[in-house]
Asks: 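Pasting a structure here, questions to come.
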2 protein chains.
Amino acid sequence: MVTSTDVARRAGVSQATVSRVLNNPNSVKSGTREKVLRVMEEMNYKPNLIARSLVMNHTKTIALLSGTLKNGFFVETIDSMINLATSRGYKTLVFFEGEKEITDLLDTIRGNKVDGILLSAMKYDDPLFEELESWGIPFIQMSRRHRKGGNYVVLDNILATQLLTKHILELGHRRLAFIVGSTNASTFLERKMGFEKALQQVGMENLKEFIYPIEPITSEVAKTTRMLMNLPEPPTAIICSSDAMALVAMDTLLSMGLKVPEDVNLAGMDNIGITSHQAIQLTTIGHQMNSMGELAVDHLIDLIEEKVEAPVQQVLMPELIIRNTTTNLSK
Amino acid sequence: MVTSTDVARRAGVSQATVSRVLNNPNSVKSGTREKVLRVMEEMNYKPNLIARSLVMNHTKTIALLSGTLKNGFFVETIDSMINLATSRGYKTLVFFEGEKEITDLLDTIRGNKVDGILLSAMKYDDPLFEELESWGIPFIQMSRRHRKGGNYVVLDNILATQLLTKHILELGHRRLAFIVGSTNASTFLERKMGFEKALQQVGMENLKEFIYPIEPITSEVAKTTRMLMNLPEPPTAIICSSDAMALVAMDTLLSMGLKVPEDVNLAGMDNIGITSHQAIQLTTIGHQMNSMGELAVDHLIDLIEEKVEAPVQQVLMPELIIRNTTTNLSK
DNA sequence: CTGAAAGCGCTTACAG
DNA sequence: CTGAAAGCGCTTACAG
């Protein structure tokens with residue numbers, strides 16, 4: 001491996017000068033600079049960023065703690081987030097929630113001296129929040145946020161769910177099912193509130209039995225969907241608190257031989273890419289997911305570079321996207 | 001930030017001893033060790049991995065250079081790859097192809113002293129191959145491989161496409177269209193060969209006009225699909241050289257008011273998750289994608305840790321998955 | 001404008 | 001078993 005010392009020797013200058021042409025080129029006389037540059041080229045010298053990190057006390061890397069990519073929501077955000085980070089000169093260390101004990105992960109993240117952390121799967125009461133706060137490096141939450149606030153960019157989930165539920169109600173549906181993740185995540189918490197609020201607005205506030213809180217995993221969604229449709233009076237519309245869940249519900253419904261929306265209406269939330277496919281055409285609530293991820297990264301880097309002050313808290317407006325899985329009940 | 005020196009001072013030992021309890025605990029007397037451990041705990045000491053990397057000359061991180069997640073294929077591999085890396089104690093630095101000049105990326109990857117590199121989007125003639133070889137660190141290719149070989153785990157793409165094409169031919173189809181990525185990627189190259197070979201086996205070898213090489217992007221796939229179906233004699237079956245392309249083709253067909261498979265058969269390749277959805281049910285060729293990614297990571301780490309010798313070259317057997325988008329022509 | 005030197009936080013021979 | 005010391009490859013005051 002060729003080091004700055006090797007370059008210095010060959011160029012007949014001190015190692016410090018080599019370092020300077022990299023970090024503060026104007027501080028070295030142009031003749032010297034040219035020579036050093038030439039030698040670097042010749043020797044194919046690349047600075048050791050690890051060594052630089054040690055002295056600079058920053059690594060130009062951010063850690064991304066994401067939910068599993070099995071959930072399409074996280075997929076669409078991660079792509080744009082990493083790309084934005086790259087374009088702003090940051091590397092991205094990616095970890096998925098659920099693998100390994102989080103504590104092990106934390107030690108390696110901390111030990112690696114990342115400059116900032118981006119979390120897309122923060123729980124509402126996660127002790128991680130306080131832990132991270134104690135580290136003294138910037139972190140930002142996207143989509144899900146902690147009870148204590150901090151930095152985040154999220155959707156207005158309450159409004160989103162109200163909008164969606166209102167749409168279903170206006171279609172004439174009165175027997176609804178709202179399948180919501182029981183995970184202690186702000187998204188689900190708030191979406192549940194939004195649903196209740198929408199019912200309230202039409203005087204149906206005590207219909208709590210419409211709400212089905214479950215583990216947001218495939219098997220549970222499938223089970224619940226089957227159970228619902230086997231009810232003596234099955235719902236005429238099912239609202240899922242995420243597109244990932246709605247996709248599973250649709251899969252289940254179809255495999256039961258039921259048609260959507262003819263036999264039952266269905267809606268999701270998040271507007272992940274596949275929902276717009278002609279074969280799916282799921283009614284949902286839009287997020288501008290790419291921009292949510294990008295906003296979060298942008299803010300995080302601004303925080304790191306102290307271009308902005310904490311807390312940065314951004315709430316995005318939802319947009320109802322009506323497609324083919326919801327229709328007027330009085331068909 | 002608390003360092004090993006701080007711990008040493010408080011514990012009344014030398015800094016070297018602190019380091020030893022971390023790296024070679026048995027070499028320090030149990031009494032001393034306990035005390036040091038206790039102080040570490042008290043002070044919440046976490047070793048600086050950057051400093052360690054500098055002296056150890058390894059970082060316990062691998063770089064993952066992936067194709068965009070807009071393509072579902074890369075999504076399913078990346079999740080399992082990162083998780084496997086994590087569980088083997090490696091961090092993953094993720095970069096997406098196409099962003100920024102690759103050269104910039106290379107300098108940062110190289111400068112960061114990753115222990116190994118995993119590429120899922122290597123071109124068949126990519127000069128990157130030689131560049132990486134010159135670095136002297138292990139790298140492995142998955143799915144797509146370079147003309148020169150190296151380490152890889154790939155699908156038997158020729159056989160895969162033969163199998164799939166044979167299936168379509170057996171259904172009675174004689175007017176086929178094979179939409180293949182024109183990218184200089186081994187997958188597309190080999191899939192084209194497989195298609196030709198299958199035609200050859202039924203004596204249709206000179207029907208080169210069945211092959212439509214295009215940029216594997218949404219707009220091109222859509223355009224080609226539309227063009228095909230507007231032919232005086234449109235194909236009775238369209239084979240796409242990836243599920244990502246097939247999904248676009250299906251979307252286009254449906255939006256043209258055509259039905260699959262009634263109006264035209266359709267098949268993809270890769271068996272990405274969504275293809276098994278009841279609303280899609282795409283006939284395709286299976287990959288065991290998770291295992292492909294995991295195998296690649298496993299091999300890479302084995303290579304890094306010198307548990308195995310280069311080259312490791314693994315070719316996975318394909319599996320035909322017949323679903324609802326292909327049917328007997330004589331319906 | 002440039003060099004000599006200190007220092008970033010570790011690991012690991014080398015002595016004892 | 002333990003400490004003192006060298007060294008990993010950089011950056012950046014400090015002198016000159």
Side-chain angles (χ1 to χ4, degrees), chain A residues 1-37 39-40 43-61 107-115 135-137, chain B residues 1-37 39-40 43-61 107-115 135-137:
Chain A
M1 233 216 39
V2 16
T3 70
S4 56
T5 309
D6 300 330
V7 173
R9 189 159 23 230
R10 174 100 81 109
V13 298
S14 75
Q15 183 272 331
T17 297
V18 175
S19 184
R20 279 192 197 99
V21 347
L22 249 22
N23 295 291
N24 191 2
N26 291 323
S27 77
V28 8
K29 195 164 49 169
S30 74
T32 323
R33 194 189 337 148
E34 313 291 60
K35 180 169 22 140
V36 172
L37 252 10
V39 176
M40 282 180 173
M43 304 182 77
N44 194 21
Y45 166 73
K46 306 291 171 191
N48 182 329
L49 269 25
I50 299 292
R52 176 180 297 174
S53 291
L54 185 58
V55 5
M56 301 281 270
N57 209 32
H58 70 230
T59 50
K60 283 284 190 176
T61 110
D107 285 355
T108 96
I109 293 177
R110 189 168 177 189
N112 272 283
K113 304 289 167 198
V114 298
D115 297 338
W135 292 8
I137 65 170
Chain B
M1 231 218 42
V2 17
T3 70
S4 57
T5 309
D6 300 329
V7 173
R9 189 158 24 231
R10 175 100 82 109
V13 299
S14 74
Q15 183 272 332
T17 296
V18 174
S19 184
R20 279 192 197 98
V21 347
L22 250 23
N23 295 290
N24 192 4
N26 292 321
S27 76
V28 9
K29 200 164 47 169
S30 72
T32 324
R33 196 192 331 155
E34 313 291 60
K35 182 170 20 142
V36 172
L37 251 11
V39 176
M40 283 180 173
M43 306 183 75
N44 195 19
Y45 166 74
K46 305 291 173 191
N48 182 327
L49 269 23
I50 299 290
R52 177 180 295 175
S53 290
L54 186 58
V55 5
M56 301 282 271
N57 209 31
H58 69 233
T59 51
K60 283 282 189 180
T61 111
D107 284 355
T108 98
I109 294 177
R110 189 167 176 188
N112 271 283
K113 304 291 167 196
V114 298
D115 297 337
W135 293 8
I137 66 170

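What you see is a predicted model, and the numbers here were worked out from it, not measured in a lab. Side chains are part of it too, since the values below use all heavy atoms of this structure and drop only hydrogens, waters and symmetry mates.
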Asks: Using whole Å, report how far CE of Met56(A) lies from P of dG7(C).
Replies: 19 Å

Asks: Between dC10(C) and Asn48(B), is there an OP1 or OP2 to side-chain N/O distance shorter than 4.0 Å?
Replies: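 Negative; the distance criterion is not met.
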
Asks: Taking only N and O in the side chain of Asn23(B), is any of them less than 4.0 Å away from OP1 or OP2 of dT11(C)?
Replies: yes

Asks: For Ser4(A) and Gln15(A), test the side chains for any donor-to-acceptor distance below 3.5 angstrom and give the result as yes or no.
Replies: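 Short answer, yes.
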
Asks: Ignoring backbone atoms, test whether Ser19(A) places a side-chain nitrogen or oxygen under 4.0 Å from the OP1 or OP2 oxygen of dG9(D).
Replies: no

Asks: Are Met40(B) and Lys35(B) packed together at the side-chain level, in the sense that at least one heavy-atom pair is separated by less than 4.5 angstrom?
Replies: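 Met40(B) vs Lys35(B): side chains apart.
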
Asks: Rounding to a whole Å, what distance do you find between Glu34(B):CD and dC1(D):C1'?
Replies: 15 Å

Asks: Figure out the CG/P separation between Asn57(B) and dG9(D), and round it to whole Å.
Replies: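 Between P of dG9(D) and CG of Asn57(B): 7 Å.
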
Asks: Under the side chain to side chain contact (heavy atoms under 4.5 Å, CB included) test against Ile137(B), which residue among Ile109(B), Asp115(B), Val114(B) passes?
Replies: Val114(B)

Asks: Check whether any side-chain nitrogen or oxygen of Thr17(A) sits under 4.0 Å from OP1 or OP2 of dT2(C), and answer yes or no.
Replies: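 Checking dT2(C) against Thr17(A), no side-chain N or O comes under 4.0 Å of OP1 or OP2.
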
Asks: On the nucleotide dC8(D), are OP1 or OP2 found under 4.0 Å from the side-chain N or O atoms that Thr3(A) carries?
Replies: no

Asks: OP1, OP2 of dC10(D) versus side-chain N and O of Ser4(A): anything below 4.0 Å?
Replies: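 Yes, within the criterion.
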
Asks: Just to be sure I understand the rule, does Thr32(B) reach a base, reach only the sugar-phosphate, or reach nothing, if contact means heavy atoms closer than 4.0 Å?
Replies: sugar-phosphate

